[in-house]
Participant: 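The structure follows.
Reminder, nothing fancy here: chain letters follow the sequence lines and each chain counts from 1. Keep in mind that the numbers below use all heavy atoms, side chains included, and drop hydrogens, waters and symmetry copies.
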Protein chains: 2
Amino acid sequence: MPKSPHSSQAFPRPFTTVDVVIFTVIDDQLHVLLVKRPTGEAEPYPGMWALPGGYVDIERDKDLEACALHKLQEKTGVKSPYLEQLGSWGSASRDPRGWTATHVYFAILPHAAIKPDPDSHATEIGWFPVKGDGIGRKLAFDHTAILETAITRLRSKAEYTSLPAYLLTETFTLSELQHVFAVVLGRPVDKSGFRTRVLSAGLVEEADGVKTGASRPAQLYRLKSPKNLTFFPRTFNPRKE
Amino acid sequence: MPKSPHSSQAFPRPFTTVDVVIFTVIDDQLHVLLVKRPTGEAEPYPGMWALPGGYVDIERDKDLEACALHKLQEKTGVKSPYLEQLGSWGSASRDPRGWTATHVYFAILPHAAIKPDPDSHATEIGWFPVKGDGIGRKLAFDHTAILETAITRLRSKAEYTSLPAYLLTETFTLSELQHVFAVVLGRPVDKSGFRTRVLSAGLVEEADGVKTGASRPAQLYRLKSPKNLTFFPRTFNPRKE
DNA sequence: TTGACATAGTTGCACATAACAACTTAGTAA
DNA sequence: TTACTAAGTTGTTATGTGCAACTATGTCAA
């Protein structure tokens, strides 16, 4: 916290920004949203893809999370996704314009919910499939490393929390839930074990109705506590490598 | 990241600070280091206890972690402790002097290693025992909440990583290791289970020598990879509550 | 109407590991 | 030499997961 004898205004401050890593599942694959950097003269990393974000507006944003939510809504139209702080990155070298610190959030949401704000199509946006620990492309600033951290965090939390459930709409079948876990984890998940763990962890409760298709109808479920993550007591790992 | 048409200097920036939550074990109890706020006229929260920290100095600090290390060394004299980013807190209201964002780190270190820098005794410092999820005292700024988050994170990581090992000096006995785990977790830890887990996780390796006392001498061990946390495959929980 | 198909959902066994408790070992000190 | 203390080991039990085979219940085409 601020030291005493300084007049707070006295010395130069870093720039403060917020970036958001936005994940969704499209066509059975994890995707992340990126925006194209402008190509102006004084712009750093012109034309490169970057995480959506920008300066904190101390007039508009009452706190960091509000700022992240604003940026998220701008790009996706979604107002209340799962949003969690990922960390912060700050250094003299990460932006050629000077010392900056960025506060990074990550959000995950169902693809069906996305409707980008038509007013804010100034910048080009794109969804990129996640392969391995990145997207196989160098991003602007230190965003390659930030994205890698986000992917690691997402995968890691999928091992022991209900996180991937936020990739689905309000009601879903257990098979759909199992499927998004498998997509995020990047490996198959055993049906029987998954069901018993999910049910005994109290992660979901039955919803009215079933989902019909070309086979046996499936019971619909919803998250029991949609506001918070639910934790599993143990992880599910394949027995042999 | 910075948006395009703005000249970066154009609009007002938040203050940027770094705070550090420093944990150690003294007398079989977890303690946290706090500093007393100055009592000047224009000072916020005069005389209250707060986490050590201060403004980022963009001349001196090449990045956020360097800034945190500097503040840590100032208060404890320790140069390379276990240091991890906890998160960031930023809002218009957390400091009466204006919009600030703080990047918070947490460090844990052996009590024996602490020798506060004699040059920087300007501010009064104190070690406070952690009881439950705090220290039973209201802190300056939003530091009460930040400390609570740090304690939760520390406890949580003690369930499945080698984190508490950094409370000990380089070599230690398995009983000492078990003891710091029990102190951090706030509950007894089974001896036999602890030993097999620690050894099979490859957390430690034998060091030369034994620790003698009034009973059977104990083998000394050291961390196998002191630079990184080691993860346990599972948690250790008591069977019945 | 019926039988093939597909996916939902269940059951049962094998195996690994953790919790618990009782035990043995190896030193000190009176 | 014996009591004491803490280190370190062993064995038993309970639990839960991985795996695989099985049953249930719908659609759809012949």
Participant: Quick one: is Ser175(A) getting a side-chain N or O under 4.0 Å of the dA8(C) phosphate, OP1 or OP2?
Facilitator: yes

Participant: Is Arg137(B) positioned over the aromatic face of Phe128(B), cation under 6.0 angstrom from the ring centre and no more than 45 degrees off axis?
Facilitator: no

Participant: So does Leu163(A) get a backbone contact from the side chain of Thr161(A), meaning a donor-acceptor N/O pair under 3.5 Å?
Facilitator: yes

Participant: Starting from C1' on dG16(D), measure out to OH on Tyr160(A) and report it in whole angstrom.
Facilitator: 20 Å

Participant: Enumerate all atom pairs, one protein N or O and one N or O from nucleotides 21-23 of chain C, separated by less than 3.5 Å.
Facilitator:
none

Participant: So which pairs with a foot in residues 168-179 of chain A pass side chain to side chain donor-acceptor pair (under 3.5 Å), sequence neighbours left out?
Facilitator: Glu176(A)-Lys211(A)

Participant: Please tell me which of Ser200(A) and Glu176(B) maps to the more 5' nucleotide of DNA chain D, matching each residue to the nucleotide holding its nearest heavy atom.
Facilitator: Glu176(B)

Participant: Rounded to whole Å, please give me the gap between CZ in Arg197(B) and P in dG8(D).
Facilitator: 19 Å

Participant: Test of understanding: with side chain to side chain contact (heavy atoms under 4.5 Å, CB included), list the residues that count as partners of Thr144(B), not counting sequence neighbours.
Facilitator: Lys138(B), Leu139(B)

Participant: Can you list the residues that meet the side chain to side chain donor-acceptor pair (under 3.5 Å) rule with His70(B), with sequence neighbours excluded?
Facilitator: Arg60(B)

Participant: Given atom CZ of Phe181(B) and atom P of dA18(C), what is their separation to the nearest angstrom?
Facilitator: 14 Å

Participant: Check the distance between dG18(D)'s P and Glu159(A)'s CD and give it to me in whole angstrom.
Facilitator: 10 Å

Participant: Which whole-number value in Å describes the distance from Phe194(A) CZ to dG16(D) P?
Facilitator: 18 Å

Participant: For Tyr221(B), which residues count as a ring pair (Phe, Tyr, Trp, His ring centres under 6.0 Å) partner, sequence neighbours excluded?
Facilitator: none

Participant: Give the residues of residues 210-223 of chain B touching DNA chain C, defined as any heavy atom closer than 4.0 Å, sorted by residue number.
Facilitator: Gly213(B), Ala214(B), Ser215(B), Arg216(B), Pro217(B)

Participant: To the nearest angstrom, how far is His179(A) atom NE2 from dA6(C) atom P?
Facilitator: 18 Å

Participant: Once salt bridge (charged side-chain N to carboxylate O under 4.0 Å, His left out) is applied, do any residues pair with Glu205(B), and if so which ones, sequence neighbours excluded?
Facilitator: Arg222(B)

Participant: Sort and list the pairs that fulfil side chain to side chain donor-acceptor pair (under 3.5 Å) and have at least one residue in residues 21-30 of chain A, not counting sequence neighbours.
Facilitator: none

Participant: Suppose we screen for ring pair (Phe, Tyr, Trp, His ring centres under 6.0 Å). Which residues come up paired with Phe172(A), at least two apart in sequence or across chains?
Facilitator: none

Participant: Mind calculating the distance between CG (Leu199(A)) and P (dT17(D)) to the nearest angstrom?
Facilitator: 12 Å

Participant: Whole Å only: how far is the CD atom of Gln178(B) from the P atom of dG8(D)?
Facilitator: 11 Å

